[in-house]
2 protein chains.
Amino acid sequence: MATTIRDVAEAAGVSAMAVSKVLHGTGSTVRVSAQTAANIRRVAADLRYQPNRLARSFRQQKTNTIGLVFSHFGRIGEADGYFAALLNGAMTATFQSEYSLTICPKLAMSSTNGQLNDGRFDGLLWCKPDYTRESAESIGLSKMPIVMMHAPAGEGPEVPRFCCDNEQGLRLAVTHLVELGHRKITFLSDHFNHTTAEGRVRTAAFMSAMAEHGLTCREDELLYWSQECDEMAEFVSAPDRPTAMIMFSELHAVYALRKAEQLGISVPGDLSVIGYDSTAFCETTRPRLTAISQPIEQMAYDATTKLIAYIEAEKTESHFFIYPCGLDIRESTGHPIHRESK
Amino acid sequence: MATTIRDVAEAAGVSAMAVSKVLHGTGSTVRVSAQTAANIRRVAADLRYQPNRLARSFRQQKTNTIGLVFSHFGRIGEADGYFAALLNGAMTATFQSEYSLTICPKLAMSSTNGQLNDGRFDGLLWCKPDYTRESAESIGLSKMPIVMMHAPAGEGPEVPRFCCDNEQGLRLAVTHLVELGHRKITFLSDHFNHTTAEGRVRTAAFMSAMAEHGLTCREDELLYWSQECDEMAEFVSAPDRPTAMIMFSELHAVYALRKAEQLGISVPGDLSVIGYDSTAFCETTRPRLTAISQPIEQMAYDATTKLIAYIEAEKTESHFFIYPCGLDIRESTGHPIHRESK
DNA sequence: TTGAAAGCGCTACCAA
DNA sequence: TTGGTAGCGCTTTCAA
């Protein structure tokens with residue numbers, strides 16, 4: 001079939017070992033003269049020899065490939081910058097180190113007997129863990145390095161995590177709204193994200209930030225939208241509806257902005273909206289989106305770099321890396337004027 | 001180290017073949033009794049046996065993995081929906097068929113002796129080919145199925161291509177602008193995209209659409225921006241500047257909208273802007289972006305599905321799949337009022 | 001400085 | 001209905 005290392009060896013009149021040594025620098029005890037090496041290289045080029053990476057990986061038990069796992073979304077958002085930022089960070093780190101990146105939305109589900117390590121990956125970058133019993137068990141059992149993003153402290157297996165300071169982020173957002181005069185504020189997520197570890201943490205962080213200002217938001221006043229937020233109309237028509245909403249992500253915020261416009265609700269006049277992530281995307285919305293910021297690309301880059309370090313060092317440590325949040329105030333938040341004057 | 005198929009076979013008192021047959025259904029001539037099968041399954045679960053996919057792939061010369069190649073961008077845009085749509089289409093198709101997707105921004109560059117097939121992939125989804133001599137040669141030589149997206153007819157190797165009808169798209173855009181009263185129109189790309197096959201085709205299509213209306217745009221009046229379009233200020237201050245711009249992508253359009261706002265140029269009052277792709281993202285810009293539409297996700301889905309079909313059929317055909325473009329008129333285009341009245 | 005042998009984990013093929 | 005043998009392409013280890 002294809003030219004193998006043995007074909008090259010034969011044609012060059014040397015052993016396969018010599019070829020391997022020359023072309024891949026492998027085999028520490030093997031030594032080849034400069035002349036032989038040059039000859040081998042020439043023959044390889046003549047025969048259009050292409051090393052079989054699969055065979056190498058198999059032999060070395062090392063694929064130089066990282067799996068990108070995100071259990072919860074088989075689709076990525078088309079109207080926000082989150083996934084792009086994540087991927088940019090992960091790609092930069094992997095490609096720098098000559099690794100490849102394979103997308104596995106549901107590795108845990110497809111694994112056998114709860115084992116993640118099927119030989120394809122040297123390590124996993126696991127995003128938005130949901131810590132179902134299966135996935136937590138699998139992660140605990142795995143011998144392969146795993147690093148997590150958006151995995152807050154306090155639950156889940158002991159692996160390195162990269163997470164933003166959700167408490168700080170929500171405190172900034174709530175304080176901003178309170179200073180603008182808002183009293184009735186709610187937090188919005190969706191049924192999907194709410195089952196992730198970070199979903200729970202953000203909700204709790206919102207509640208306690210509210211409490212710090214002597215405000216409350218009952219459990220049943222939190223909002224969980226389905227994908228296209230059809231509940232918006234119902235929500236805004238309620239007599240005692242909130243004057244401000246903090247959203248789980250940019251995507252949620254965008255849906256809200258769009259729906260608000262359709263319904264004739266002005267933002268920020270009738271309703272203030274705060275998003276989460278604050279990518280370049282927030283500059284393009286109408287109005288520009290005020291958002292809690294986290295350095296997603298940097299986090300993904302750091303997480304991936306760390307993962308590769310663990311792989312190469314053949315040992316993992318269980319650190320928790322926390323990134324500060326900011327609040328980028330743009331145009332979607334303001335005083336609750338209209339409501340007061342009515 | 002890890003439990004192998006032989007460990008399971010030994011523990012169950014059967015041959016490795018029997019285990020392979022039961023757990024993977026492989027080996028057509030092998031038959032195992034229901035009782036033996038049940039026993040094998042139990043033992044495998046007890047031993048927490050995890051099949052080594054790398055070994056299977058190596059043996060079968062089949063990885064069930066598709067490489068996603070995009071030679072030109074090591075980064076993806078964070079402020080448009082293009083890549084997300086592409087990825088959603090590709091992911092849906094691959095995951096449906098139990099394939100994986102590996103991101104390879106520069107497979108062609110890293111290949112040895114111009115050979116793409118290093119054993120890792122069963123096929124390639126190649127986006128935005130640039131047809132450098134090396135890549136064209138590699139593609140021609142490759143025995144592995146390759147399918148291209150955004151590869152217009154007329155140049156490049158004979159592989160199946162999935163492309164939108166650029167001529168139609170640009171005709172729709174130019175006609176729309178002309179009907180609004182515009183006469184001085186330009187097309188904007190960047191140095192990056194202009195080197196891709198589709199970049200050249202869109203420029204040519206723009207020129208001929210202009211010609212159909214008796215309008216011209218000289219080569220030197222076309223715009224090629226660098227990433228952040230810093231030339232914008234210079235461009236808009238020119239006395240005879242265009243009243244409308246058609247952009248290579250949404251991303252370009254967004255940069256233009258943002259820059260225009262900074263410079264106090266009103267859109268569409270002072271300047272009409274048309275983007276390309278028309279993802280959900282266009283609904284979120286300010287003003288909403290008028291854009292030529294192409295069904296990216298569908299195209300990516302179809303291309304990937306076709307690729308998998310070729311892989312499984314072990315033969316490729318060289319079809320050209322063309323998708324109609326539309327024009328989604330939103331708010332970024334209008335009569336060139338301000339200019340006329342000045 | 002070079003070569004030979006063995007084997008990574010799995011499955012195709014042939015024999016019983 | 002089951003098992004044995006061989007080998008995918010490469011590299012590790014040991015011998016020359």
Side-chain angles (χ1 to χ4, degrees), chain A residues 1-40 43-44 47-64 112-113 115 117-122 143, chain B residues 1-40 43-44 47-64 112-113 115 117-122 143:
Chain A
M1 237 37 206
T3 313
T4 73
I5 202 170
R6 248 188 282 268
D7 298 331
V8 176
E10 235 166 88
V14 297
S15 75
M17 273 320 303
V19 179
S20 179
K21 171 69 182 178
V22 170
L23 298 183
H24 304 306
T26 168
S28 47
T29 65
V30 178
R31 223 135 297 203
V32 180
S33 70
Q35 196 163 4
T36 316
N39 188 41
I40 288 172
V43 172
L47 296 180
R48 294 197 152 278
Y49 169 65
Q50 164 75 351
N52 187 322
R53 276 190 62 164
L54 197 62
R56 298 194 68 198
S57 294
F58 175 52
R59 178 63 238 233
Q60 305 187 126
Q61 309 275 53
K62 176 96 170 27
T63 58
N64 273 54
T112 319
N113 295 325
Q115 304 278 83
N117 198 338
D118 62 9
R120 285 183 299 168
F121 308 116
D122 292 339
K143 296 243 165 99
Chain B
M1 230 45 204
T3 312
T4 74
I5 202 169
R6 249 188 279 269
D7 298 332
V8 176
E10 236 167 89
V14 296
S15 76
M17 274 320 302
V19 178
S20 180
K21 171 67 181 178
V22 170
L23 299 183
H24 304 304
T26 168
S28 47
T29 64
V30 178
R31 222 133 299 201
V32 180
S33 71
Q35 198 165 1
T36 315
N39 188 41
I40 288 172
V43 172
L47 295 181
R48 295 197 151 279
Y49 169 64
Q50 164 75 352
N52 187 321
R53 277 191 62 163
L54 197 62
R56 298 194 68 198
S57 294
F58 175 53
R59 177 66 241 234
Q60 304 188 130
Q61 309 275 53
K62 176 95 174 18
T63 58
N64 274 55
T112 320
N113 295 326
Q115 304 278 82
N117 198 337
D118 61 9
R120 285 183 300 168
F121 307 117
D122 292 339
K143 296 244 164 96

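In what follows, every heavy atom counts, from backbone to side chain, and hydrogens, waters and symmetry copies are set aside.
If you take CZ of B:Arg59 and C1' of C:dG7, they are 14 Å apart, rounded to a whole angstrom. Taking atom CD of residue A:Glu10 and atom P of nucleotide C:dG3, one finds them 12 Å apart after rounding to whole Å. Per the geometry, CD belonging to A:Gln50 stands 18 Å off P belonging to D:dC8, to the nearest Å.
By the side chain to side chain donor-acceptor pair (under 3.5 Å) test, B:Asn64 is found to be paired with B:Lys62, residues two or more places apart in sequence or in another chain being considered. Judged as a side chain to side chain contact (heavy atoms under 4.5 Å, CB included), and not counting sequence neighbours, A:Glu10 has no contacts. Applying the side chain to side chain contact (heavy atoms under 4.5 Å, CB included) rule to A:Ala37 yields the partners A:Val22, A:Val32, A:Arg41; only residues at least two apart in sequence or on another chain are considered. Partners of A:Thr4 by side chain to side chain contact (heavy atoms under 4.5 Å, CB included), not counting sequence neighbours, listed by chain and number: A:Arg6, A:Asp7. Every side chain to side chain contact (heavy atoms under 4.5 Å, CB included) that A:Ala12 has, sequence neighbours left out, goes to A:Val14, A:Asn39, A:Ile40, A:Val43.
Phosphate contact (OP1/OP2 of D:dC10, side-chain N/O of A:Tyr49, threshold under 4.0 Å): present. Contact check, A:Ser57 against D:dC10: no side-chain N or O comes under 4.0 Å of OP1 or OP2. In this structure, A:Ser20 reaches the D:dT11 phosphate: one of its side-chain N or O atoms is under 4.0 Å from OP1 or OP2. Distances shown here put every side-chain N or O of A:Thr4 at or beyond 4.0 Å from the OP1 or OP2 atom of D:dC8. For A:Gln35 and C:dT1, the shortest distance from a side-chain N or O to OP1 or OP2 is not below 4.0 Å. Contact between the side-chain N/O atoms of A:Arg56 and the OP1/OP2 oxygens of D:dG9 is not found at any separation under 4.0 Å.
Counting only heavy atoms from C-beta on, A:Ser15 has its side chain closest to C:dG3 among C:dG3, D:dT11, C:dT11. Nearest nucleotide to the side chain of A:Ala18, out of C:dG3, C:dC10, D:dC10: C:dG3. Side-chain proximity of A:Phe58 to C:dC8, D:dG3, C:dT11: nearest is C:dC8. Residue B:Met17 places its side chain closer to D:dG3 than to any other of D:dG3, D:dG9, C:dA5. Among the nucleotides D:dC10, C:dT11, D:dT2, the one closest to the side chain of B:Ser33 is D:dT2.
With DNA chain D read from its 5' end, the first of the two nearest nucleotides for A:Ile5 and B:Gly13 is the one closest to B:Gly13. When the nearest nucleotides of DNA chain D are assigned to A:Gln60 and A:Ala55 by heavy-atom distance, the more 5′-ward of the two goes with A:Ala55. Residue-to-nucleotide proximity on DNA chain C shows that, of A:Val14 and A:Arg6, the 5′-proximal contact is made by A:Val14.
Comparing the helix axis at one end of the helix from C:dT1-D:dA16 to C:dA16-D:dT1 with that at the other, each defined from 5 consecutive pairs, gives an inter-axis angle of 40° (nearest 10°).
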| task | Report the C-alpha distance between B:Asn52 and A:Asn117 in whole Å, list the side-chain angles of each, state the deciding distance to 0.1 Å, and finish with yes or no for side-chain contact (heavy atoms from CB on, under 4.5 Å). | result | CA-CA 8 Å; B:Asn52 187 321; A:Asn117 198 338; over 6 Å; no

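Distance CG/B:Asp122 to CD/B:Gln61: 10.0 Å, rounded to 0.5 Å.
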